[in-house]
Amino acid sequence: MRNSDIAYFCILEGDSVEAAQKELLCAAAVEYTDFLIISNSRELLIEVVHYIESNVQIRPRLLLVPSNSVLATAENFITYHYPAHNPNKLHLKFDVHTGILTESTQLRAEDFSTDQDNITYYLKDTHNLHPIVRHAVETACAERNELSRIVNQLLIGCSFLPDNIIKNKCAGTDFDGLQLQELSAFAEHLILLKPQLQMLKIETESIIQHCKSLLLVCPVTSTDLSDAYPTAALQNGFPCVYKVMSILHHIGYQLAMQRQLLNKAFMHTFRTYECYASGALFLRTATIASHTNKKGTFPDVYKLNGEKVTGFTAIYKGIGAGFHLTNDSDYALCQFYIDLRNKFHYTHGDLKPSKILILQFAQAVVKQILKIEAAENQQTFRWEDVHQQTARILLGDYPTEVVLAISRHLGMPPFQSFVEL
């Protein structure tokens with residue numbers, strides 16, 4: 001039967017093939033063009049092909065699977081061997097014991113989907129998958145969904161910190177708020193959970209290591225926020241921790257929009273702007289230092305022009321004056337939405353934002369950030385670069401991750417190569 005849209009194959013397990021099975025293989029080689037015989041034994045493949053050529057003068061294709069791969073599962077990964085990927089190609093497995101053909105589904109990233117709640121699932125019926133592959137699909141999806149749930153908790157959910165620690169933070173200073181405590185608790189939680197995520201252990205470790213790299217920019221003392229001593233905390237005159245907080249809020253905004261949590265998305269957008277602006281003003285007159293008033297002296301207070309800052313208004317005005325943005329249309333649009341924020345039911349009013357209004361505000365905020373980044377020559381730890389890397393690691397291509405995790409677990413392509421003899 002000649003049909004380029006159908007791939008016929010069989011898998012030879014073990015070290016030998018019985019005479020009756022060899023006869024069936026001869027018949028299959030005659031019947032099916034480009035018949036493919038798969039094994040993890042080079043000697044067995046050579047023996048079988050010699051028998052077939054001697055009897056029917058046809059040489060089938062031979063595919064050698066590495067010995068450390070799970071041979072039986074190769075049937076669901078044959079598509080990765082063909083250079084021209086045809087998503088509609090039908091793969092039929094020839095049973096060397098009975099001669100019966102059965103369809104074998106090929107495992108592909110496009111056959112997985114992730115919904116708005118970041119739940120990843122397999123779109124097809126799993127009955128045409130090998131039982132080992134079927135179990136791997138179920139396990140990988142379950143692990144990916146648990147990892148997604150924890151990431152969602154970091155970005156838009158509840159705290160990873162115990163209640164008693166949260167209560168104690170009531171007396172914390174402005175400097176204490178720069179320690180990325182939630183991110184640190186998230187990373188520690190993942191470290192404890194990692195042994196339970198065996199198939200996605202590499203993806204889990206990648207998230208942990210990225211979090212650790214972000215935590216390195218936390219200042220140890222307030223002097224780390226000045227040019228007095230070069231540290232990882234301050235790059236190009238900008239305290240990096242403020243960029244990290246801004247980025248996490250913006251990714252939280254993206255996730256909230258995906259899940260249609262519009263009020264939350266708006267507040268994350270506001271905090272994206274506030275965190276970045278607070279850090280940018282260190283390029284001008286912002287400091288964290290002790291502050292004295294009639295109530296006493298208070299350590300590690302955020303100050304502008306020597307004065308304690310108690311709200312966003314001073315920061316917003318400082319951004320406009322300090323970076324010559326008062327006549328900028330995006331700056332004016334941000335002012336409008338900051339004022340409008342006070343009318344929403346999460347603040348002082350009873351209104352709710354619409355999707356269009358949130359998108360307009362978010363676009364204006366990002367344009368303001370990128371404008372300041374360019375004007376202030378931010379060459380390292382750039383907001384856009386760190387954002388892209390963090391979003392890719394936290395909110396990656398989940399279907400592709402799942403398929404790669406399964407392939408890695410079973411020793412299938414692209415982690416192991418099939419060799420045609």
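Under the 3.5 Å distance criterion, with hydrogens and angles disregarded, no donor-acceptor pair is assigned to the side chains of Gln389 and Asp385. Checked by atom type, the side-chain pair Thr272/Ser246 shows no donor-acceptor distance below 3.5 Å. Between the side chains of Gln379 and Asn377, at least one donor N or O lies within less than 3.5 Å of an accepting N or O. Under 3.5 Å, the side chains of Gln258 and Asn118 contain a donor-acceptor pair of N or O atoms. No side-chain N or O of Tyr122 forms a donor-acceptor pair with one of Glu138 less than 3.5 Å apart. For the residue pair His291 / Thr297, no side-chain donor-acceptor distance below 3.5 Å is found, with atom types taken as modelled. Between Asn305 and Thr285, the side chains place a donor N or O and an acceptor N or O closer than 3.5 Å (distance only, hydrogens not considered). In this structure, a donor-acceptor pair under 3.5 Å is present between the side chains of His97 and Gln21. Inspection of the Thr380 and Gln235 side chains reveals an N or O donor paired with an N or O acceptor under 3.5 Å. Under 3.5 Å, the side chains of Glu182 and Ser159 contain a donor-acceptor pair of N or O atoms. Side chain to side chain, Thr221 and Thr223 meet the donor-acceptor criterion of an N or O pair below 3.5 Å.
The aromatic rings of Trp383 and Tyr276 stand perpendicular to each other, their planes meeting at an angle above 60°, with 30° marking the opposite boundary. Note: Phe270 and Phe312 have perpendicular aromatic rings, judged against thresholds of 30 and 60 degrees for the angle between ring planes.
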### Task
Take Tyr337 and Gln360 through the side-chain hydrogen bond (donor to acceptor under 3.5 Å, both in side chains) test and state the conclusion after the steps.
CA-CA 9 Å; Tyr337 282 113; Gln360 289 177 344; 2.5 Å; yes
### Message
Please determine whether ring pair (Phe, Tyr, Trp, His ring centres under 6.0 Å) holds for the pair Phe77 and Phe415, giving the CA-CA distance in whole Å, both sets of side-chain angles, and the decisive distance to 0.1 Å.
### Response
CA-CA 12 Å; Phe77 297 87; Phe415 299 97; over 10 Å; no
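When the options Phe361, Tyr253, Tyr273 are evaluated for a ring pair (Phe, Tyr, Trp, His ring centres under 6.0 Å) with Phe266, the one that passes is Phe361.
Arg61 and Glu420 are joined by a salt bridge, as a carboxylate oxygen and a charged side-chain nitrogen come within less than 4.0 angstrom of each other. Ion pairing between Asp328 and Lys371 holds under the 4.0 Å rule for side-chain N and carboxylate O. Salt-bridge formation is not detected for the pair Glu203/Lys194: no Lys NZ or Arg NE/NH1/NH2 atom is positioned less than 4.0 Å from an Asp or Glu carboxylate oxygen. In this structure, Asp117 pairs ionically with Arg259, as a charged nitrogen and a carboxylate oxygen lie closer than 4.0 Å. Lys89 has no carboxylate O lying under 4.0 Å from a charged side-chain N of Asp5, or vice versa, which leaves the two without a salt bridge.
For the atom pair CZ of Phe94 and OH of Tyr8, the computed distance is 11.5 Å after rounding to the nearest 0.5 Å. In this structure, CD1 in Ile191 is found 12.0 Å from CD1 in Ile207, a value given to the nearest 0.5 Å. To the nearest 0.5 Å, atoms NE2 (His210) and CG (Leu183) are separated by 8.5 Å. The distance from atom CG of Leu64 to atom CG of Leu421, rounded to the nearest 0.5 Å, is 5.0 Å. Within the model, atoms OG of Ser329 and CD of Gln368 stand 8.5 Å from one another, a figure rounded to the nearest 0.5 Å. Atom OG of Ser184 is separated from atom CG of Leu161 by 8.0 Å, given to the nearest 0.5 angstrom.
Pro399 and Ala109 make their closest contact through CB-O, 3.5 Å (heavy atoms, listed as atom of the first residue, atom of the second, distance). When every heavy atom of Pro60 is checked against every heavy atom of Ile37, the shortest pair comes out as CG-CD1, 3.7 Å. The shortest heavy-atom contact between Cys141 and Tyr121 is SG-CA, 4.1 Å. In plain terms, the two heavy atoms of Ile251 and Leu395 that are nearest each other are CG2-CD1, 3.5 Å. Of all the heavy atoms in Tyr242 and Ser278, the pair that sits closest is CE2-CB, 3.7 Å. Of all heavy-atom pairs spanning Ala187 and Ile208, the tightest one is O-CG1, 4.4 Å.
Within a 6.0 Å radius of CZ in Arg59, more than 12 heavy atoms belonging to other residues, nucleotides or ligands are found. Counted within 6.0 Å of CG on Asn327, heavy atoms from surrounding residues, nucleotides or ligands total 12 or fewer; the atom is thus considered open. For Lys201, the NZ atom counts as loosely surrounded, since its 6.0 Å shell holds 12 or fewer non-hydrogen atoms of other residues, nucleotides or ligands. Counting non-hydrogen atoms of other residues, nucleotides and ligands closer than 6.0 Å to CG of Asp115 gives a total above 12. Atom CG of Leu192 sits in a crowded spot, with more than 12 heavy atoms from other residues, nucleotides or ligands closer than 6.0 Å. In His130, the NE2 atom is crowded: over 12 heavy atoms of neighbouring residues, nucleotides or ligands sit closer than 6.0 Å.
His268 and His250 have their aromatic ring centers separated by at least 6.0 angstrom. Between Tyr316 and Tyr331, the ring center distance clears the sub-6.0 Å criterion.
A cation-pi arrangement is found for Arg284 relative to Phe323, the charged atom lying closer than 6.0 Å to the ring centre and inside a 45° cone about the ring normal. At least one test fails for Lys243 against the ring of Phe381: distance under 6.0 Å to the centre or angle within 45° of the axis.
No side-chain heavy atom of Asn68 sits less than 4.5 Å from a side-chain heavy atom of Asn40. Inter-residue side-chain proximity for Asp174 and Asp300 is flagged as unmet; no heavy-atom pair is nearer than 4.5 Å.
With sequence neighbours excluded, the residues satisfying side chain to side chain donor-acceptor pair (under 3.5 Å) with Glu75 are Lys93, Ser104.
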